[in-house]
Amino acid sequence: MAPPLSLRFVTSAATLGDLPDSRAEVAIVGRSNVGKSSLLNAIANAKKLALVSKTPGRTQLLNCFSLTEDTQVVDCPGYGYAAVSKSARQSWQERLEDYLEQRQQLAMIVVLVDGEVGPTKLDVAFLRWLRERDLPHQIVATKHDKVRSAKREKRKQDLVDGCEVSRADVLWASAVTGIGVDELRQRIPAWLGVTR
Ligand code: GDP
């Protein structure tokens, strides 16, 4: 098992221009309730690390967690967030897209998809948007433990089909059993060019 990543909350940024300097970044994107906080906490072995991204006022901000002095994981919450007005959602969507499209040092976009329920229409649209722009991304299917083993193979295929990708493109993870967590603890530093 790889050691937990020592992620530390640095700041929340409203726009691309407010972000702190970094050499390399990994963005984590997923709709609310997909299991993003649980997974981030598992990766860092912290109980409340990602709670910050859920505090009122921060659900539409880019929440930055440093890994090393010049690298960071940027938690992008509120994607498809229902509890705000349409105009607020649109403006957040635009700021998020600006960040994902324009941030030079963005090494990887981790897209979380609910492994239990599969991709939503919004997830599919977002994945298409990323592909159209050739933006580097990794799909992570969450809540692996919630998929009963008898149905697992079919569910995995359904998810892959729904995301319009192939099996090798999806990494399965569970914050409960730890499946996939080790892999992410290795891949995130690798994407960031950090040797551990
Ligand atoms: P977020 O809104 O994307 O940050 O999602 P949370 O991490 O808060 O998770 C949403 C709900 O799914 C919570 O009730 C979690 O306990 C549950 N959950 C998250 N990850 C897992 C997982 O890997 N397995 C199971 N069984 N439940 C999970």
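One is the number of the first residue; the rest follow in order along the sequence. Start at 1 and go down the list; that is how both ligands and their atoms are numbered. Everything numeric in this text was worked out from a predicted model, so none of it was measured.
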Any non-hydrogen side-chain atom of Val26 less than 4.5 Å from a side-chain atom of Arg187? no
Distance under 4.0 Å to a non-hydrogen atom of Ala175: what atoms of ligand 1 satisfy this? 22 (C), 23 (O)
Quick test: of every protein heavy atom, which one is nearest to atom 26 (N) of ligand 1, and how far off is it to 0.1 Å? Asp145 OD2, 2.8 Å
Compare all side-chain heavy atoms of Pro189 with those of Thr195 and state whether any distance is below 4.5 angstrom. no
Worked verdict on Asp123 versus Val111 for side-chain contact (heavy atoms from CB on, under 4.5 Å): CA-CA 8 Å; Asp123 293 330; Val111 184; 5.6 Å; no
In this structure, atom 27 (N) of ligand 1 is nearest to the protein heavy atom Lys146 CE, 3.9 Å
Exam field: side chain Arg185 to backbone Ile43, donor-acceptor pair closer than 3.5 Å: yes
With no hydrogens and no angle check, just 3.5 Å: does a side-chain donor-acceptor pair link Ser38 and Asn41? no
Once you restrict to heavy atoms under 4.0 Å, what part of Val176 touches ligand 1? Side chain, backbone, both or neither. both
Would you say that Arg155 contacts Leu159 through its side chain, given a criterion of any heavy-atom pair below 4.5 Å between the two side chains? no
Side-chain contact test, heavy atoms from C-beta onward, threshold under 4.5 Å: evaluate it for His137 versus Leu127 and give yes or no. yes
Distance from atom 18 (N) of ligand 1 to nearest protein heavy atom, with residue and atom: Lys143 CE, 3.9 Å
Would you say Ser32 touches ligand 1, if touching means a heavy atom closer than 4.0 Å? yes
State the atoms of ligand 1, each with its element, that fall below the 4.0 Å cut-off from a heavy-atom position in Asn33. 1 (P), 2 (O), 3 (O), 5 (O), 10 (C), 11 (C)
Quick check: Ser37 and ligand 1, any N/O pair under 3.5 Å apart? yes
For ligand 1, indicate whether the residue Lys36 contacts it via side chain, backbone, both or neither (heavy-atom separation under 4.0 Å). both
Give the contacting part of Lys54 toward ligand 1: side chain, backbone, both or neither, where contact means a heavy-atom distance below 4.0 Å. side chain
Checking side chain to side chain contact (heavy atoms under 4.5 Å, CB included) between Val34 and each of Asp114, Leu39, Val29, which is the one that passes? Asp114
Of the choices Pro77, Gly30, Ala42, Gly35, which has the non-hydrogen atom that lies closest to atom 9 (O) of ligand 1? Gly35
Arg167, CZ: over 12 other non-hydrogen atoms inside 6.0 angstrom: yes
Is there a protein heavy atom less than 4.0 Å away from atom 14 (O) of ligand 1? no
Starting from atom 19 (C) of ligand 1, which protein heavy atom do you reach first, and at what distance in Å? Ser38 OG, 3.3 Å
